[in-house]
Amino acid sequence: MNTLGNTWSISKGIGLAFVWAMGFDAMAAGTPARYQSIVFPTWTYVAPKPADHRVALEGGAVAYLVPDSTLDLVKVSLYSGAPNQPAKPQDVAALRLYSSLLKAGGASQLSPERLEDSLEFVAAYMSAGLDDWQGSASLDCLSGNASELLNLLPDLVLKPRLDSGVFRLQQRSLVENLRHRYDTPRGVMGVAYEKAMHGSHPSNWLPDEKEVADLAPKALSPLVGRGFPAGRLVFAVAGRFDRADMIRRLNALVKRFPAGNQVDSVRPYRGPYAPGVYLIDKPFSQATLKMAAPGVRRPDPDYYRLLVASYIFGDGGFTSRLVEKVRSNEGLAYGVNSDVESDYYRVGSVNVGLQTKVETGAYAVKIVLEEMKRMREGGITDAELEKAKDGLLKSMPSLFDTPGSTARIFAQGEIWHRSPDHFVEYEKTIKSMTKAEVENAFKRYFVPDSMRIIVTGPKAALLAKDAQGNSLASFGKVTEWTSADLDRRE
Amino acid sequence: MRSLLGCFALALAAMPGFSEIQVQYKQLDNGLKVILYPSRQAPTVACRLFYVTGSVHEAPGHTGIAHMLEHMLFKGTHKVGVKNDAKDAAYEKKLDRLWADLQKAGARDSVKIGKIRAAYDSVLNLQRENMVKYELWEAYEKAGGTELNAFTTDLMTAYIVTLPKNKLELYLWLESDRMQHAVLREFKAEHDVVMEERRMRVEDNPLGRYWESLTGVFYEAHPYRFPTIGYPSDIRHLTKQQAEEHYRLYYKPNNCILVLAGDLDTAQAMAQIKRYFSPIPRGADFPPVLTEEPEPAGEKRLAVRRDDAKPRFDLLFHTPGFPSDDLYALDILEGALSGQSGRLYKKLVKDLKIALSAQAGNDVTKYTSSFQIAVDLDRSSPLEKVEKAVWEVLDSLTRVPLSARELQRAKNQVAAHSVRSLENMEELATELAYWEMRGGWENINRFPQQVQKVTAEQVMDVARRIFVRDAATVGTVQPKTATKGVSP
């Protein structure tokens with residue numbers, strides 16, 4: 001092995017000179033000297049329209065049908081658009097466990113073993129869940145099995161068998177997952193960010209290990225049948241099927257769900273903690289950071305302005321300002337980006353995230369804040385605006401890259417009450433956006449003093465001053481959160 | 001429910017045949033292999049250029065060089081990413097010299113090091129003023145490119161993007177240029193980025209070092225044992241010259257597979273590909289991978305104890321490299337062992353209740369392949385019992401043939417996969433390239449068809465030869481501290 005390695009090393013210099021010379025000679029005849037001179041075929045993309053696929057079903061339910069006979073497959077996704085938030089912290093464990101048992105614990109008279117054996121034998125996949133914001137289910141099967149499996153969907157979500165053996169297995173699995181919830185930077189940051197920006201709320205409460213371990217199967221009974229009112233159901237169906245037949249089947253299916261469209265009210269959010277540094281002491285080799293400030297709740301005209309601003313600032317890959325400065329010039333991080341949270345249920349946030357070795361954590365924050373300030377004060381260039389618009393608009397065809405993704409995007413849009421012309425409006429809005437609109441939005445939301453700097457890593461090293469005198473403490477009051485603080489549900 | 005189960009029986013009879021994939025394939029005179037798969041599913045084309053090189057072409061001392069080079073190839077070429085190429089060349093030369101001076105200066109002479117660093121930074125700043133940073137990336141983005149990225153594995157390094165159908169020529173221009181004229185600018189900064197990537201993916205991942213170490217135990221000699229990202233000490237010492245050498249050896253049309261999948265006119269695309277890539281001369285032959293994995297001298301074990309990782313049990317076996325008839329039967333074994341109706345789950349999770357999940361994987365690859373059993377545990381799982389139960393399951397496969405239903409279930413899964421593999425153009429393009437690298441793209445059709453012919457006796461025969469205790473590698477992760485906390 002070593003001999004082979006050394007042999008390769010010997011030929012370095014000579015080989016390199018040769019390749020450069022060959023490279024210059026090899027420009028293809030009949031090709032433009034510059035890529036900018038390529039004349040591309042004219043083509044205008046027109047995004048598919050939800051109205052072309054929307055079908056109003058009985059009982060207030062809706063379906064988006066995207067037939068495509070290319071492959072012998074049918075894919076169905078079901079969304080209920082009905083929040084199921086626990087009334088008190090102690091109820092979270094039951095909701096989580098119940099969700100994990102939908103499908104896994106069998107359905108109606110079908111035992112988990114028979115159900116799994118049947119599905120796996122025909123290479124079909126089904127899933128179901130009930131989370132804080134809505135219930136969901138899905139089916140992915142060969143078209144010949146679609147009718148029978150579709151019939152099974154209501155039983156899966158309304159008549160779960162909650163098999164006691166699977167109950168105990170899921171219980172152990174959830175306890176094990178909870179034991180390790182803060183063992184990765186990602187695990188810590190997910191919870192810490194929710195707490196810092198949205199406070200304690202039923203939608204981000206974690207169950208307690210003991211609560212899960214102490215649960216008895218009967219504790220799940222009150223949840224059976226919840227979360228899927230017929231009037232809130234939205235189906236996304238794609239693949240090889242007959243449209244009229246599918247509508248008939250879905251209408252029959254809807255009748256098996258409870259009538260109505262009433263949903264639980266959602267408790268208001270408390271809003272974010274004060275700007276400052278929130279530190280979670282962990283023995284990681286990197287400082288994992290998220291800087292966040294309140295953004296918008298969609299729909300809001302500022303959302304698209306922020307989307308463009310963030311694209312330029314740190315969300316547009318290598319050509320964005322943060323990536324160039326933090327990664328490319330300074331070599332501080334593998335991943336650095338900004339983003340604007342898209343949230344239809346609550347006020348989202350504007351964010352910057354990165355990971356860097358512990359020693360450069362404070363320096364990286366300093367650079368990010370400096371770049372934020374620079375963009376706030378110096379504005380953006382015409383070229384940056386054009387690049388962001390191109391990046392956002394010309395990539396639209398990839399959104400709708402499969403019949404399944406097209407149907408799911410439209411179904412989700414229905415849940416979010418998006419306009420039927422959502423994508424037409426999106427295109428129009430982005431195209432007509434001005435520099436001033438983008439700059440103003442950036443200034444109003446990406447405010448250095450408003451940032452909650454959430455960081456996990458070894459505390460002592462993070463708070464120590466580096467050679468240039470940077471310390472996380474210089475960016476605001478440092479509040480230390482322990483695991484118990486992260487877990488607290490108020 | 002009877003009607004449902006009855007219908008499942010009907011569904012069995014109605015299991016479909018294969019979606020046989022038809023592509024247009026051509027090898028250019030310079031050796032470049034081209035695979036075109038037309039599909040009108042979306043008005044986009046998944047564009048993927050694979051260089052048949054990765055960590056398998058590395059050795060101790062410079063592990064991670066293929067991956068490092070992949071990063072560097074976004075820094076531009078003589079035409080892209082630079083305003084004045086002659087000026088850039090002069091800066092690069094100065095930077096190389098200063099870097100060499102820095103290495104020679106020795107750690108103790110801090111004054112000298114400071115001066116050289118200052119000079120280095122000053123030239124680097126001048127070079128950066130002359131650069132158009134990430135111009136290639138920007139060109140793709142402005143054209144509506146998505147899935148824009150690159151990746152390195154043990155066997156392949158790929159440069160990928162999905163473009164609107166009318167922008168295909170941009171890919172051919174930029175990649176034919178990148179194949180010939182790359183300039184590895186800003187090596188030092190990117191070097192630090194890769195170190196951060198390793199910290200993120202390996203050091204701060206509770207199972208990161210476990211997988212790295214288990215791979216090193218499993219492969220004693222074959223270069224598959226090297227982590228693709230490289231060992232930390234090797235990454236620290238990688239040089240630009242080593243990256244250039246890797247580029248010179250392996251980034252040649254005769255070591256390359258170009259796959260386009262999506263909304264394309266194949267005749268027109270092939271003509272354009274020829275125009276851009278045919279003039280590039282083929283490269284010299286490079287040393288083949290000669291090292292073969294020896295027969296294990298005995299069972300090997302890696303026991304990791306750490307509290308921050310979820311407990312698990314892994315059992316690995318060496319299997320033949322592709323092609324080998326054994327691999328088809330091993331695919332059936334994967335199907336029979338995996339899933340909730342698979343033998344491992346039934347025994348360990350359902351019957352004995354000593355595991356949370358269990359599955360098998362048949363990893364088919366070049367040179368030498370592997371078969372893996374993976375069991376997820378919790379703190380209460382008795383490791384010895386888990387291992388015993390896994391062996392009981394494997395031993396049963398060597399004694400009793402699979403039932404007709406088990407055999408058919410595994411075959412159905414493989415057939416369905418052949419249909420689903422056509423859904424996603426990016427994944428299909430990658431799969432086609434990997435089959436081509438292993439010996440021919442046609443195997444994407446042939447492999448599942450061969451699996452359909454496997455008999456229960458063949459499965460038993462291969463299980464007897466592969467599931468041998470003295471040839472196994474065992475990996476375990478357990479908590480360091482005694483069991484604490486609650487149990488259901």
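Within every chain, numbering begins at 1; the chains are lettered A, B, ... in the order of the sequence lines, protein sequences first and strands thereafter. What's counted below: heavy atoms across the whole structure, side chains too, no hydrogens, waters or symmetry copies.
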Closest non-hydrogen atom pair, [X] against [Y]:
| X | Y | value |
| --- | --- | --- |
| B/Lys310 | A/His180 | CG-CD2, 3.5 Å |
| A/Gly331 | B/Val193 | CA-CG2, 3.7 Å |
| B/Thr44 | A/Pro397 | CG2-CB, 3.6 Å |
| B/Asn166 | A/Trp43 | OD1-CE3, 3.6 Å |
| A/Lys394 | B/Lys142 | CD-O, 3.1 Å |
| A/Asp183 | B/Pro206 | O-CG, 3.6 Å |

Measure the shortest side-chain to side-chain distance between [X] and [Y] over non-hydrogen atoms and say whether it is less than 4.5 angstrom.
| X | Y | result |
| --- | --- | --- |
| A/Ser285 | B/Arg198 | no |
| A/Leu71 | B/Arg420 | no |
| B/Pro311 | A/Glu176 | yes |
| A/Tyr45 | B/Pro43 | yes |
| B/Glu135 | A/Tyr35 | yes |
| A/Ser328 | B/Tyr134 | yes |

Does any heavy atom of chain A fall under 4.5 Å from the side chain of [X], the backbone, both, or neither of them?
| X | value |
| --- | --- |
| B/Glu138 | both |
| B/Ala309 | backbone |
| B/Lys188 | neither |
| B/Val80 | side chain |
| B/Glu147 | neither |
| B/His417 | neither |
| B/Ala143 | backbone |
| B/Leu422 | both |
| B/Asn424 | neither |
| B/Tyr251 | neither |
| B/Leu377 | backbone |
| B/Lys346 | neither |

Just so I understand: if I count every heavy-atom pair under 4.5 Å between each of [options] and chain B, which residue has the most?
| options | value |
| --- | --- |
| A/Ser147, A/Pro185, A/Gly165 | A/Pro185 |
| A/Thr406, A/Thr356, A/Thr70, A/Thr184 | A/Thr356 |
| A/Gly335, A/Gly391, A/Gly316, A/Pro403 | A/Gly316 |
| A/Asn329, A/Leu215, A/Asn177, A/Leu393 | A/Asn329 |

Side chain, backbone, both or neither: which part of [X] has an atom under 4.5 Å from a heavy atom of chain B?
| X | value |
| --- | --- |
| A/Phe284 | both |
| A/Tyr311 | side chain |
| A/Ala388 | neither |
| A/Gln170 | neither |

Among [options], single out the residue with the greatest number of heavy-atom pairs under 4.5 Å to chain A.
| options | result |
| --- | --- |
| B/His191, B/Lys165, B/Met195 | B/Lys165 |
| B/His71, B/Gln272, B/Glu203 | B/His71 |
| B/Gly283, B/Ala42, B/Ala189 | B/Ala189 |
| B/Glu190, B/Lys350, B/Met425 | B/Lys350 |

Can you list the steps and then say if A/Leu169 with B/Val349 is a side chain to side chain contact (heavy atoms under 4.5 Å, CB included)? CA-CA 8 Å; A/Leu169 172 68; B/Val349 181; 3.5 Å; yes
Is it true that [X] and [Y] make a salt bridge, defined as a side-chain N closer than 4.0 Å to a carboxylate O?
| X | Y | value |
| --- | --- | --- |
| A/Asp117 | B/Arg409 | no |
| B/Glu141 | A/Lys387 | no |
| A/Glu324 | B/Arg128 | no |
| A/Arg327 | B/Glu196 | no |

Would you check if the side chain of [X] reaches a backbone N or O of [Y] as a donor-acceptor pair within less than 3.5 Å?
| X | Y | result |
| --- | --- | --- |
| B/Asp192 | A/Leu332 | no |
| A/Arg172 | B/Lys353 | yes |
| B/Glu423 | A/Thr402 | no |
| B/Asn412 | A/Phe121 | yes |
| A/Glu120 | B/Gln340 | yes |
| A/Glu116 | B/Gly339 | no |
| B/Trp173 | A/Pro32 | yes |

Would you please name every residue forming a side-chain hydrogen bond (donor to acceptor under 3.5 Å, both in side chains) with B/Arg201, sequence neighbours left out?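 Per chain and number, B/Arg201 pairs via side-chain hydrogen bond (donor to acceptor under 3.5 Å, both in side chains) with A/Tyr334, B/Glu197.
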Counting only heavy atoms not in A/Arg186, do more than 12 fall under 6.0 Å of its CZ? no
Those residues that, when tested against A/Asp163, pass salt bridge (Lys or Arg N to Asp or Glu O under 4.0 Å) (two or more places apart): none
Do the ring planes of A/Phe318 and B/Trp137 sit parallel (below 30°), tilted (30 to 60°) or perpendicular (above 60°)?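 If you compare the ring of A/Phe318 with that of B/Trp137, the planes turn out perpendicular.
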Inter-residue atom distance [X].[atom1] - [Y].[atom2], 0.5 Å rounding:
| X | Y | atom1 | atom2 | value |
| --- | --- | --- | --- | --- |
| A/Asp401 | B/Thr146 | CG | OG1 | 7.5 Å |
| A/Arg179 | B/Asp307 | CZ | CG | 11.0 Å |
| A/Ile38 | B/Glu169 | CD1 | CD | 4.5 Å |
| A/Thr456 | B/Asp204 | OG1 | CG | 9.0 Å |
| A/Lys282 | B/Asp308 | NZ | CG | 8.5 Å |

